[in-house]
Amino acid sequence: MPELPEVETLVRELRPQLVRRSLTTVRLHHRDVVRGVSATHLLRVLEGNRVRAVQRRAKHVVITLTSGDRLVIQLRMTGSLLVHGRALDAERRRHVVLEAAIGRGRWFVFRDVRRLGTLQLLDEQAWAAYTARIGPEPLDAGFDLNAFVQCMSGTRQAVKKALMDQRRLGGVGNIYANEALFRARIDPSRPADRIDRRAWRRLFREVRAVLREGISAGGTTVRDYRTSTGATGSYQHVLRVYGRPGEPCVRCRTALVTTHAIDGRATTFCWRCQGVDVR
DNA sequence: ACGAGGTCCTGCGAGC
DNA sequence: TGCTCGCAGGACCTCG
């Protein structure tokens, strides 16, 4: 579910609520989401630990604790994070994976309906190895066109698949990949090694633009995504192609098309604007 | 090195 | 109304 803008929105909201708070009572309701360490170990480390920092890396929420360990939360398709002060209703309680009391009667909660999300606990060294395997941050100040071309090129993979490959570039998922490719007028199925410099420049600009706009809008709510306060994002109202198959292209009015030919994920595009060979 | 396809899960809407 | 089927913001794996 959440891609870079959604995770950034969550992290910005959670940071002031969690930093300097101690995790007192910690409850884990589904042990199968814990990766790398035993659930028992995870609980032992979390219990009584204090939050030093709340950050985002690509689509991951990274909660650094005063012990030096990092709780890394991957939300995947349906994961959500919230802070609440009152009891959750039955429906909200239902898919709680982890909850931790953070003082003043407030709780930090990780919910995940499909439970594809994961929890990891990484020490300094493990974190260094982990983050090194993820591609650069597209919105970092030092990330320029050359860096973008370098991480994206050199493969025959479809450019959309390369864009969503977290080892190449961090944080871009299906929604923002579709939007950026449409805005850059690039055929999503085009092999990355057949994209020219001008097209890379357009894609670089549009990837960063859609991510920034997504953050400004508080993310995209297609179905499950909610911010930490339960609010919806608003970028779904701005989407030009994602979720709009059959509707007219905003540029040329041609009916948009959806295919699942690239990595089995829904790709929606305008064959005319994006120069897709439909034969 | 690449693509295809299965796997982990649950919920929802379409279609019969 | 009630069933089955396919699909869903992701990422990891194996196989050919």
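Chain letters run A, B, ... following the sequence lines, proteins first and then strands; every chain starts at 1.
Taking a cutoff of 4.0 Å between a charged side-chain nitrogen and a carboxylate oxygen, A:Arg202 and A:Glu206 do not qualify as a salt bridge. Using a cutoff of 4.0 Å between basic side-chain nitrogens and carboxylate oxygens, A:Lys59 and A:Glu6 are not scored as salt-bridged. Using a 4.0 Å cut-off between charged side-chain N and carboxylate O, A:Arg111 and A:Glu99 make no salt bridge. We find that A:Asp165 and A:Arg167 are joined by a salt bridge, their nearest charged nitrogen and carboxylate oxygen being less than 4.0 Å apart.
Across residues 239-249 of chain A, A:Tyr242 each have a non-hydrogen atom less than 4.0 Å from an atom of DNA chain C (numbered order). Taking a 4.0 Å limit (strictly below) on heavy-atom distances, residues 111-122 of chain A reaches DNA chain B at A:Val113, A:Arg114, A:Arg115, A:Leu116.
An anti orientation is assigned to B:dG11, its glycosidic angle lying beyond 90° of 0.
Applying the 4.0 Å criterion to OP1 and OP2 of C:dA8, one finds that A:His260 has a side-chain N or O inside that range.
Remark: the A:Asp224 side chain and the A:Thr78 side chain contain no N/O donor-acceptor pair separated by less than 3.5 Å.
Using atom P as the reference point in both B:dG11 and C:dA11, the two lie 22 Å apart (nearest Å). One C1' atom belongs to C:dC3, the other to B:dC8, and the distance between them is 25 Å to the nearest Å. Between C:dG9 and B:dG3, the two C1' atoms lie 23 Å apart (nearest whole Å). Using P as the reference atom, B:dT10 and C:dT1 are 26 Å apart when rounded to the nearest Å.
Residue-to-nucleotide proximity on DNA chain C shows that, of A:Asp263 and A:Thr258, the 5′-proximal contact is made by A:Thr258. Each of A:Arg94 and A:Thr155 has a nearest nucleotide on DNA chain B; the 5'-most of these lies closest to A:Thr155.
With hydrogens and angles ignored, the 3.5 Å screen pairs no side-chain donor or acceptor of A:Gln274 with any backbone N or O of A:Asp187. In this structure, the side chain of A:Arg198 does not engage the main chain of A:Ile195 through any donor-acceptor pair within 3.5 Å. The backbone N or O of A:Val241 sits less than 3.5 Å from a side-chain atom of A:Glu179, completing a donor-acceptor pair. Between the side chain of A:Asp140 and the backbone N or O of A:Phe143 there is no donor-acceptor pair closer than 3.5 Å.
Summarising the geometry, the separation between CZ on A:Arg226 and P on C:dG9 is reported as 16 Å, rounded to the nearest angstrom. Remark: C1' of C:dG9 and CE of A:Met164 are 9 Å apart, rounded to the nearest angstrom. Here the P atom of nucleotide C:dA11 and the CD atom of A:Glu3 are 9 Å apart, to the nearest Å. Distance NE2 (A:His95) to P (C:dA8): 20 Å, rounded to an integer number of Å.
For A:Gln236, there are no side-chain hydrogen bond (donor to acceptor under 3.5 Å, both in side chains) partners two or more places apart in sequence or in a different chain.
Judged as a ring pair (Phe, Tyr, Trp, His ring centres under 6.0 Å), the pairs with a partner in residues 231-252 of chain A (not counting sequence neighbours) are, in order, A:Tyr176-A:Tyr235.
Here A:Tyr130 and A:His60 bring their ring centres to under 6.0 angstrom of each other.
A:Arg35 comes within 4.0 angstrom of no nucleic acid atom, judged by non-hydrogen atoms across all strands.
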If pairs are Watson-Crick or G-U with both distances under 3.5 Å, what is the dot-bracket string of DNA chain B, marking crossing pairs with [ ] and pairs to another strand with |?
-> .|||||||.|||||||
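Listed here is the closest heavy atom pair of A:Ala199 and A:Asp196: N-OD1, 2.8 Å.
Atom CZ of A:Arg21 sits in a crowded spot, with more than 12 heavy atoms from other residues, nucleotides or ligands closer than 6.0 Å.
Close approach of DNA chain B to chain A, defined as any atom under 4.0 Å from a non-hydrogen atom of the protein, starts and stops at B:dC2 to B:dG11.
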